[in-house]
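Structure record follows, encoded as structure tokens.
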Amino acid sequence: MNIEIRNSQGERIDYTFHPAAAFPDALVVIGHGVTGNKDRPFVVALAEGLAAAGVPALRISFSGNGAAEGRFTDSNITKEAADLGAVLDAVQGRFKTLGYIGHSMGGAVG
């Protein structure tokens with residue numbers, strides 16, 4: 001998957017896609033916890049495990065975290081929920097089934 005995802009402030013949301021063949025019409029989006037990013041070992045392992053089980057996964061870094069654009073000091077649950085909405089809007093129509101897994105604050109975002 002090679003698309004640009006931006007939130008309502010125009011900030012680029014950083015992501016890594018893990019393709020999988022068994023369920024190509026499904027996607028699980030994975031959000032990290034506070035002060036985290038998409039490259040935290042737990043998040044990477046979860047995405048790799050899903051892909052190995054045949055389920056495509058999309059690891060995201062909310063704006064202001066990791067390599068995503070924005071400032072960490074602007075991060076809060078409301079803004080990250082809007083970031084998640086931008087991600088879901090961007091993938092809508094590409095997959096029939098969407099799921100979300102959030103770790104820590106990422107869980108509250110979901």
Side-chain angles (χ1 to χ4, degrees):
M1 191 169 82
N2 189 18
I3 59 174
E4 184 173 74
I5 303 174
R6 293 194 173 269
N7 64 14
S8 60
Q9 288 81 28
E11 299 160 334
R12 184 183 52 79
I13 304 298
D14 189 31
Y15 71 87
T16 298
F17 178 64
H18 297 258
F23 301 99
D25 292 335
L27 178 69
V28 174
V29 177
I30 305 170
H32 59 82
V34 68
T35 72
N37 61 60
K38 69 175 182 64
D39 296 322
R40 291 292 174 126
F42 169 78
V43 176
V44 173
L46 178 58
E48 289 174 347
L50 285 165
V55 180
L58 185 74
R59 298 183 280 126
I60 64 169
S61 286
F62 295 110
S63 58
N65 293 270
E69 294 177 354
R71 298 181 319 160
F72 177 75
T73 54
D74 294 332
S75 297
N76 58 54
I77 291 174
T78 301
K79 186 171 186 212
E80 290 185 3
D83 288 352
L84 176 58
V87 170
L88 296 177
D89 287 346
V91 301
Q92 186 175 13
R94 296 173 184 263
F95 300 93
K96 290 182 182 177
T97 304
L98 294 175
Y100 176 73
I101 300 171
H103 175 256
S104 189
M105 188 166 131
V109 167

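Because the structure is predicted, anything quoted here is derived from the model rather than measured.
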(request) Would you give the length of the straight line joining atom CD1 of I3 to atom CD1 of I13, rounded to the nearest 0.5 angstrom? (result) 11.5 Å

(message) For a quick test of reading the model, state the closest non-hydrogen atom pair linking N37 to S61 and the distance between them.
(response) CB-OG, 3.4 Å

(request) Find the distance between CE (M105) and CG (N76) and round it off to the nearest 0.5 Å. (result) 6.5 Å

(request) Kindly check if the number of other-residue, nucleotide or ligand heavy atoms within 6.0 Å of CZ (F23) is above 12? (result) no

(request) Using atom types as modelled and distance alone, determine if a side-chain donor or acceptor of Y15 lies under 3.5 Å from a backbone N or O of V29. (result) no

(message) Does any part of the side chain of H18, heavy atoms only, come nearer than 4.5 Å to the side chain of L50, both counted from C-beta?
(response) no

(request) Using the rule that two of Ile, Leu, Val, Met, Phe, Trp, Tyr join whenever any of their side-chain heavy atoms come within less than 4.5 Å, decide whether L84 and F95 are in one cluster. (result) yes

(message) Listing request: all side-chain hydrogen bond (donor to acceptor under 3.5 Å, both in side chains) pairs with a residue in residues 86-95, at least two apart in sequence or in separate chains.
(response) none

(request) Check A68 against F62 and note the closest heavy-atom contact, atom names and distance. (result) CB-O, 3.5 Å

(message) Would you say I30 ends up clustered with V44 if hydrophobic residues are merged whenever their side chains have heavy atoms under 4.5 Å apart, either directly or through other cluster members?
(response) no

(message) Are F72 and I77 connected into the same hydrophobic cluster when the rule is that any two of I, L, V, M, F, W, Y join if their side-chain heavy atoms are below 4.5 Å apart?
(response) yes

(request) For residues D39 and R59, report the shortest heavy-atom separation together with the two atoms involved. (result) OD1-NH1, 2.9 Å

(request) State plainly whether one hydrophobic cluster holds both Y100 and V28, where clusters connect Ile, Leu, Val, Met, Phe, Trp and Tyr through side-chain heavy atoms under 4.5 angstrom apart. (result) no

(request) Taking all heavy atoms of A86 and all of I5, pick out the closest pair and write down the distance. (result) O-CG2, 4.0 Å

(request) Looking only at non-hydrogen atoms, find the nearest pair between F17 and L27 and report the distance. (result) CE1-CD1, 3.7 Å

(message) Test your reading of the model: is there a side-chain donor-acceptor pair from D83 to the backbone of A81, 3.5 Å cut-off?
(response) no

(message) Hydrophobic cluster membership, with links at side-chain heavy-atom distances under 4.5 Å among I/L/V/M/F/W/Y: are I101 and L98 in one?
(response) no

(message) Name the residue from R71, R6, K79 that meets the side chain to side chain contact (heavy atoms under 4.5 Å, CB included) definition with E11.
(response) K79

(message) Looking at every heavy atom in both V91 and M1, which two are closest together, and how far apart are they?
(response) CG1-CE, 3.9 Å

